[in-house]
Amino acid sequence: MKKLVLFSLFLFVQNVLVAGNSVTVRTQKKLFWTVSGDNISLSETPISNVNKFEIELINDSSFSLFHTERPVVVNNKQLMVGASNQSASAFTFQKQKGNVLLSIIDSGIVYWVNDSLVLQKSSKLSQKFIVSKYNFTEYTFYSNNARCLMYLGFVFILSAIILFTFYNEKYDLVLLALGGLFLRIFMAILDPSLGIWDEQYHALVAKNLINTPFTPQLYKSSILNIHSLNWINTNVWLHKPPAFLWQIALSIKLFGASVFSVRLPSILMGTFLIKLIYDIGKKLTNNKVGFFAAFLFSINHYILESAVGVYGTDHNDISLLFWVTLSVWAWLKHENSKETKWAVLVGACSGVAVLTKWYVGLFVFLPWGISLITESKGLTVHKLKPYLLSFIISTLIWGSWKLYIAHSFPVEYAIETSLMKAHFFEAIEDHGGGWLFHLKNLVTIYRIPFALIILLTSVGALSVKQKPAILGSIAFVYILFSVAATKMTSFTIMVLPFILILIGSGIYTFLSFTFFKKIKPIFLLISFVAIGYVNFDLNKIAENHVEDKNDIIEKRVLRSEFVKQYKQWNDVLFNIEKTVFIGCPNYEAVNIMFMTNCEAAYEFYPSERDILNIQQKGYNIVNVNAFNAPEYIINNENILTKQLNTTLLIL
């Protein structure tokens, strides 16, 4: 398969760009570059393959443009195709609102005049062009480091499967956890930029928590007094509870403000969850079912992508899943030993879970309560004591935070409380769906076709004692969120361990049939590989991170390049802590504030009066867009301009 590197200009330097990357060049008015003889002109429709151009990278900021076998050259300020022995004209380019501004190095800007392409001085506004691929090509950008991590993950997981299948060694779980760890690190380094929704907001609030741990903030100060109470443009940020943000803040404090630091807590929690799910599965059934469930979790596509900001609420969901699962694990420990310390741990973990995503963190009290009610000996005061103790501990933890923010930030608290209640009755932010929304998304989360059938065939393998608690909890969660008006795929994530155990139990029951006993090891190994392939879903990972099928990938590639420039600005700009960025690209203000130590960043231009106020307060102002700035910005000598390099988008 032909391999081209698309991911970053860094990789372009490391890998030779293959000549012959076919592109189509057209104007904003959908006029196509057309070659007639030696002249390049514009027409309303492309003429078959004569409009096929090729690019060759010269360096990280320029390229040469060819037409079939002849280069595009400049002849008396006119663009023409020349003889094959002539040197191609070197172009530079910049992206502006989805369009490309083309220029010839040291010559001027490309314009069209009377349907012909000519060069003019750069004093005028440039005509806008759009450059896109002529034909779709499958891309892969996996760096050598990423590939090694992925292969190591596969090797460890396959080794765990072989040990489990043929030798039943005790180290199979250790190898499985190591494999899951390497796959999570592999996923974390694929995108060196933060996800637009919601990862970058979580990252920035967490970074600001380092200095003000009990005052969650998106913007450190209301320097313009224009911040609304909306969670994407506010000063005090109470949109989500702070427990998972404190975790990220600690990581940033220890390892610096980087994308990997933001994702590190989710990597570690996701790895430890492999052990927790194994233990829960073993307690509810046996060690084989526990291993099946842990294996499914270790390579689960939805969980892997959530931990790297691809799916909404990302690290918030991973943290919730961890603390809820840990509380369930502690509950089962208490069921077995009846020791008070486990009830205390249940309450503590549940309290942290509520401080991660509010009241869904109380999930453990649902299966525990059902278990108490359905036990054959009936419900007694003695049995209720540990349950109530756990609930009281949990309430003290999250209740203290609720009282604190209600007193300290009454306006923001009232708005977020009202918004949280509204989720049940209206589709907040257009996150709606029908009654079958969550059932349809079973395949989205668990990546196994006919997951419902597997669930139905697996019921018999559960222990009699906990069967009502497990099935009742799953049913309650799915009914509750099916009735609620606001719907997102991850709303049911707290029952993921139970469902994986049911699926693993179904596989175990299926393989226990007499027909499979003689060929069980081989069939089991094949089943593991097949299920692992479907669950990991490398094609979907490529679609989300690699293939140029939509503008999402283009935005991620561009943002990855932006990150490099933000880091440079943070090092070279004088007094960055007293700097305000203006005119930032869409969705980039939050990213800039995370990657630099600036005071604030805005995706608009403040009024001339606001500019004066900012400067009078002693702040430096940096304009990020040199092309669309108002005259009062351009003419202000005290405003520094730092144009973002968008050259990568030509590809």
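Note that the coordinates shown come from a computational prediction; the quantities given were computed from them, not determined experimentally.
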* Asked: Considering all heavy atoms of both residues, which atom of Gly532 and which atom of Ile299 are nearest to each other, and what is their separation?
  -> CA-CD1, 3.9 Å

* Derivation and outcome, ring pair (Phe, Tyr, Trp, His ring centres under 6.0 Å), residues Phe182 and Tyr151 -> CA-CA 9 Å; Phe182 281 116; Tyr151 294 151; over 10 Å; no

* Shortest non-hydrogen contact from Ser473 toward Val495 -> O-CG1, 4.3 Å

* Taking the side chain as every heavy atom from C-beta outward, state whether His315 and Val262 have any atom pair closer than 4.5 Å. => yes

* Structure fact -> Smallest heavy-atom separation, Met488 atom then His438 atom, equals O-CE1, 3.1 Å

* Close side-chain approach of Leu480 and Phe491, heavy atoms under 4.5 Å -> no

* Specify whether Phe291 and Phe295 have parallel, tilted or perpendicular ring planes, treating 30° as the upper limit for parallel and 60° as the lower limit for perpendicular. => parallel

* **Derivation and outcome, side-chain contact (heavy atoms from CB on, under 4.5 Å), residues Lys333 and Leu345** => CA-CA 10 Å; Lys333 284 284 189 179; Leu345 183 59; over 6 Å; no

* Asked: More than 12 non-hydrogen atoms from neighbouring residues, nucleotides or ligands closer than 6.0 Å to OH on Tyr533, yes or no?
  -> no

* How far apart are the closest heavy atoms of Gly504 and Val289, and which atoms are they? -> C-CG1, 4.0 Å

* **Value rounded to 0.5 Å, distance of CD1 in Ile470 from CG in Leu284** => 5.0 Å

* Counting distance only, does the side-chain N/O of Ser327 pair as donor-acceptor with the main-chain N or O of Val324 below 3.5 Å? -> yes

* For side chain to side chain donor-acceptor pair (under 3.5 Å), just list the numbers for Glu429 and Trp231, CA-CA rounded to whole Å, side-chain angles, deciding distance to a tenth of an Å, and then say yes or no. => CA-CA 12 Å; Glu429 297 176 352; Trp231 66 274; 2.6 Å; yes

* To do: Can you establish whether the number of heavy atoms outside Phe476 located under 6.0 Å from its atom CZ is more than 12?
  => no

* State the CD1-CD1 distance between Ile501 and Ile474, to the nearest 0.5 angstrom. => 9.0 Å

* Asked: Ring centres of Tyr446 and Tyr302 under 6.0 Å apart?
  -> no

* So how far is it from Gln200 CD to Leu204 CG, rounded to the nearest 0.5 Å? -> 8.5 Å

* **Side chain Tyr404, main chain Phe409, donor-acceptor under 3.5 Å** => no

Can you give the donor-acceptor pairs under 3.5 Å from side chains of residues 356-372 to other protein atoms, not counting sequence neighbours?
unit_1: Thr356; atom_1: OG1; unit_2: Val352; atom_2: O; d: 2.9
unit_1: Lys357; atom_1: NZ; unit_2: Asp317; atom_2: OD1; d: 2.5
unit_1: Tyr359; atom_1: OH; unit_2: Lys402; atom_2: NZ; d: 3.2

* Mind checking whether Trp246 and Trp401 have ring centres under 6.0 Å apart? -> yes

* Min side-chain heavy-atom separation Leu176-Ile161 under 4.5 Å -> no

* Charged N-O contact under 4.0 Å between Asp279 and Lys283 -> no

* Asked: For Thr285, does its backbone N or O pair with a side-chain atom of Gln466 as donor and acceptor, under 3.5 Å?
  -> no

* **Flag, side chain of Thr313 to backbone of Asn316, donor-acceptor distance under 3.5 Å** => no

* Do Phe292 and Tyr278 have their ring centres less than 6.0 Å from each other? -> no

* Structure fact -> In short, Gln217 meets Asn208 closest at the heavy-atom pair O-ND2, 3.0 Å

* State the CG-NE2 distance between Asn535 and His301, to the nearest 0.5 angstrom. => 10.0 Å

* Asked: Out of curiosity, Ser298 OG to Leu175 CG, how far, rounded to the nearest 0.5 Å?
  -> 11.5 Å

* Asked: Are Phe260 and Phe255 close enough that their ring centers fall under 6.0 Å?
  -> no

* **Any donor-acceptor pair under 3.5 Å from Asn287 side chain to Lys282 backbone** => no

* Partner of Ile274 by side-chain contact (heavy atoms from CB on, under 4.5 Å), out of Val174, Leu173, Leu181 -> Leu173

* Verify ring pair (Phe, Tyr, Trp, His ring centres under 6.0 Å) between Phe594 and Tyr201, making sure each step is shown before the conclusion. => CA-CA 9 Å; Phe594 177 78; Tyr201 293 91; over 10 Å; no

* Asked: Passes side-chain contact (heavy atoms from CB on, under 4.5 Å), Ile280 versus Thr325? Steps please.
  -> CA-CA 9 Å; Ile280 294 172; Thr325 305; 3.7 Å; yes

* Asked: Can you list the residues that meet the salt bridge (Lys or Arg N to Asp or Glu O under 4.0 Å) rule with Lys338, with sequence neighbours excluded?
  -> Glu335

* Heavy-atom side-chain contact between Ile303 and Arg184 under 4.5 Å -> yes

* Indicate yes or no for a side-chain donor-acceptor contact from Ser394 to the backbone of Ser390 under 3.5 Å, with no hydrogens or angles considered. => no

* Asked: With a 4.5 Å limit on heavy-atom distance, are the side chains of Thr417 and Leu238 in contact?
  -> no

* To do: Would you please test Thr271 and Leu268 for side-chain contact (heavy atoms from CB on, under 4.5 Å) and show each step?
  => CA-CA 5 Å; Thr271 303; Leu268 298 178; 5.7 Å; no

* Asked: Atom CZ in Arg263, atom CD1 in Ile267: separation rounded to 0.5 Å?
  -> 8.5 Å

* Asked: Should His202 and Lys240 count as side-chain neighbours, where that means a heavy-atom distance under 4.5 Å?
  -> yes

* Just by modelled atom types, is the Ile445 backbone N or O under 3.5 Å from a matching donor or acceptor in the Asn300 side chain? -> yes

* Asked: Step by step, would you call Leu439 with Leu442 a side-chain contact (heavy atoms from CB on, under 4.5 Å)?
  -> CA-CA 5 Å; Leu439 291 179; Leu442 278 171; 4.3 Å; yes

* Tell me yes or no: between the side chains of His334 and Glu339, is some donor less than 3.5 Å from an acceptor? => no

* To do: Carefully, step by step, assess Glu305 and Lys540 under the rule salt bridge (charged side-chain N to carboxylate O under 4.0 Å, His left out).
  => CA-CA 10 Å; Glu305 292 281 35; Lys540 187 66 176 178; over 6 Å; no

* Taking the side chain as every heavy atom from C-beta outward, state whether Leu296 and Ile503 have any pair of such atoms under 4.5 Å apart. => yes

* To do: Ignoring hydrogens and angles, state whether a donor on the side chain of His431 or Thr486 is under 3.5 Å from an acceptor on the partner side chain.
  => no

* Asked: Counting N and O atoms only, with roles assigned by atom type, does the side chain of Asp172 sit under 3.5 Å from a partner on the main chain of Leu163, one being a donor and the other an acceptor?
  -> no

* Asked: Tell me, do Leu254 and Leu264 make a side-chain contact under 4.5 Å, heavy atoms counted?
  -> no

* **Sequence neighbours excluded - salt bridge (Lys or Arg N to Asp or Glu O under 4.0 Å) pairs with any residue from residues 484-494** => none

* Residue pair Tyr219 / Ala589: nearest heavy atoms and the distance that separates them -> OH-CB, 4.3 Å

* Do Ser261 side-chain atoms and Ala257 backbone N/O form a donor-acceptor pair below 3.5 Å? -> no

* Can you label the angle between the Phe272 ring and the Phe322 ring as parallel, tilted or perpendicular, going by 30° and 60°? => tilted

